[in-house]
Structures are given as C-alpha cells and as structure tokens.
Amino acid sequence: MTGPRTAVALLFSPVADAVGALAEQILSADDAGLLARALARLPEATRRAGCHQAAVQAAAVLDVDLLGLVVNGWRDHRELAIAARRSLAAPGRVMRADVAAHRITASQQPAVTIEVDGHELVTVGFGLAGDFEVTRLAARISAGRLVAFDAGRCDAIVTLAIQGTNVVTRRAHLDLAAITPASLGFRLLPARAYAVAQEIEESAEQLTYRRAS
Amino acid sequence: MVPQMTAATAGAAQAAAHWPVMALEIALAVLLFAAGLLIDRRVSRPETDRGPRVRAIAHPDARTLVNVEIPGPRAAGPRAAGPGSSVAGSSVAGSSVAGSSVAGGRS
C-alpha cells in the first residue's frame with residue numbers, strides 16, 4: 001500500500017502531532033460556539049486540558065483502517081461474496097475473482113464527551129466519510145477469505161467533519177497489489193458462514209473416520 | 001602563670017560548651033522534619049485542590065454505514081456493518097450465481 005493506512009494518518013499526514021492538530025480543528029470547527037460556551041467558564045489550563053483530552057480520544061476512535069472500510073464494502077459485493085461462498089464449499093481451493101470497477105462509500109459518526117469533575121460538559125460529534133473507487137481488482141479467495149491481491153487500484157477520498165462541518169479532506173491512492181493481507185486473509189462472509197462450514201467439515205471428517213474404522 | 005584547672009573544672013566547662021551545640025542540632029532536626037512534612041502534604045494534596053478534574057470519554061461508532069455502487073443493475077444497497085449490526089446485505093451472497101465473473105479455481 002502506498003500512503004497512510006489509517007484515516008488519522010491520512011488526514012493529518014504532514015503533521016507530526018496529529019493530536020495537537022485535531023485539538024486545533026476541534027476549536028476552529030466550533031462555528032456554533034457550543035464548545036466555546038461550554039468551556040468559557042473554565043480556567044485556561046482546564047480548557048486546554050479538556051480540548052487536548054478530547055483530541056486524544058478522537059484520534060483513537062478516528063484511527064480507522066482504510067482498507068478495513070473497503071473490505072466492509074466487499075462483503076456486500078455480489079461477485080466477491082459468490083466467490084467466497086464457492087471457496088468455502090471447496091476447502092483448499094484458491095479461486096481468482098476479477099471484479100469490475102466499483103465504488104464503496106463508508107461512514108462512521110463517533111463522538112467524544114468532555115467531563116469536568118464528573119459532570120458532562122459537552123459532546124463533540126465527529127463524522128468520518130470514506131469514498132473509495134476500486135478499479136481492476138483481481139483477488140485470490142480461499143476458504144471464504146480474500147487471501148491475496150493480484151492487481152487492483154483504489155483511489156480514496158477521506159473527509160473529517162466536526163460538529164457537522166467538514167474540516168479536512170484528503171485523497172490517497174492505495175495500490176492493492178502491494179498489500180499482503182494478514183495470515184488468514186480478509187473475511188468476506190458473515191461469521192456464521194464460517195461456523196457452519198467448519199461444522200460441515202468436522203461432520204464429514206467424522207463420517208470418513210467411521211467408514212474407515 | 002597559667003592557672004592550673006582541676007579535672008572536674010575542665011569537664012564542667014566542656015559540658016557547658018556542648019549543650020548549645022546539641023540544642024542547635026535538635027532545632028535543625030525539628031526544622032528539617034517540619035519541612036519534610038510540608039513538602040509531603042503538598043505532594044499528596046487531593047486532586048480537587050488543584051483545579052477541576054477534566055476527562056474525555058470516547059463514544060466510537062460501532063456501526064459503519066457501507067454502500068457499494070457497481071455500474072450496472074447489480075448495485076447493493078446501503079447497510080450497517082460492525083459489531084451489533086445486522087447482517088443486512090448478506091443476502092447478496094446467497095443469491096444466484098448468474099452473472100458471476102469468477103474465473104476458474106486453482107488448487
């Protein structure tokens with residue numbers, strides 16, 4: 001993969017201190033003055049501490065794996081799902097899927113609440129939106145999982161919104177062929193499908209063992 | 001002529017000189033102890049005395065709204081993915097294999 005792997009890394013890639021940059025964005029995005037009003041009564045040091053802690057928490061919840069969002073979309077992709085089902089029914093077999101160009105959009109809306117002395121002061125709402133254009137995807141699928149990329153290109157646009165206002169938009173290019181999935185690969189089917197497949201396989205093994213003995 | 005002092009007189013003089021030094025030592029020890037106590041109290045002062053206690057709580061969005069758009073009539077609708085979400089959209093996987101462009105498998 002070329003470029004940053006997570007949303008925070010992409011959104012704040014030229015900045016070394018992502019948390020500091022996010023704290024600034026939280027304050028600057030406060031058009032309605034909700035945060036400023038809530039924090040106005042507090043001493044300067046407390047206000048800064050509140051913003052910093054909110055930024056720390058926000059950086060953690062927004063540190064979403066970009067490829068994970070794409071894989072989420074592939075779970076809904078008909079051709080990939082069919083290939084995954086077929087491979088699950090044929091253990092040990094690796095199938096190749098050539099998938100036409102498609103677009104995946106994914107969004108999350110986390111929030112961070114700032115508390116002072118145990119009392120809820122304000123809740124800052126975030127919006128993370130990813131727009132992924134996937135082209136020339138060729139993948140290998142085995143046991144219901146995407147185990148390797150033969151080819152593929154993914155152009156991503158990631159946008160961060162704070163309190164409903166878009167504050168940062170960044171583009172990235174993911175070279176899918178350069179990505180090596182984790183040892184087991186990416187799951188393309190619901191968890192239940194794998195459990196059922198395992199049960200069937202175990203039953204078949206038991207049957208074979210009984211026949212042999 | 002230097003007056004001759006008896007051993008008893010010399011001992012009394014030495015003891016008299018020793019008392020102020022001891023008093024000074026004791027005073028110094030008490031002072032140090034008090035300073036130590038003060039420092040300790042400052043260090044272990046409750047957090048409430050230092051100012052408001054601030055913390056931030058994250059509410060991650062467990063549901064990722066995902067939508068796949070495929071040029072042509074086979075587009076999938078939006079669904080929510082993630083823990084606790086339904087498996088809406090998984091019906092795509094169980095549908096007919098017509099139109100699949102999956103190439104032949106390799107062992």
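Proteins get letters first, then strands, A, B, ... in listed order; numbering begins at 1 in each.
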- Apply the test side-chain contact (heavy atoms from CB on, under 4.5 Å) to residues Arg187(A) and Arg75(A): give CA-CA distance (whole Å), side-chain angles for both, the deciding distance (0.1 Å), then the verdict. CA-CA 8 Å; Arg187(A) 277 193 348 196; Arg75(A) 292 194 184 119; 4.1 Å; yes

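- The two residues Ala59(A) and Leu22(A) make their nearest non-hydrogen contact at N-CD2, 3.5 Å.
- The environment of Glu115(A) atom CD is dense: over 12 non-hydrogen atoms of other residues, nucleotides or ligands sit within 6.0 angstrom.
- In this structure, Leu176(A) and Leu67(A) have side chains that are in contact, with non-hydrogen atoms separated by less than 4.5 Å.
- Interface check for chain B: of the options Ala129(A), Ala45(A), Ala111(A), the most heavy-atom pairs under 4.5 Å are formed by Ala111(A).
- Val112(A) touches chain B through backbone and side chain together, each having a heavy atom under 4.5 Å away.
- Per-residue counts of heavy-atom pairs under 4.5 Å with chain B were compared for Gln53(A), Glu120(A), His119(A), His102(A); the largest is that of Gln53(A).
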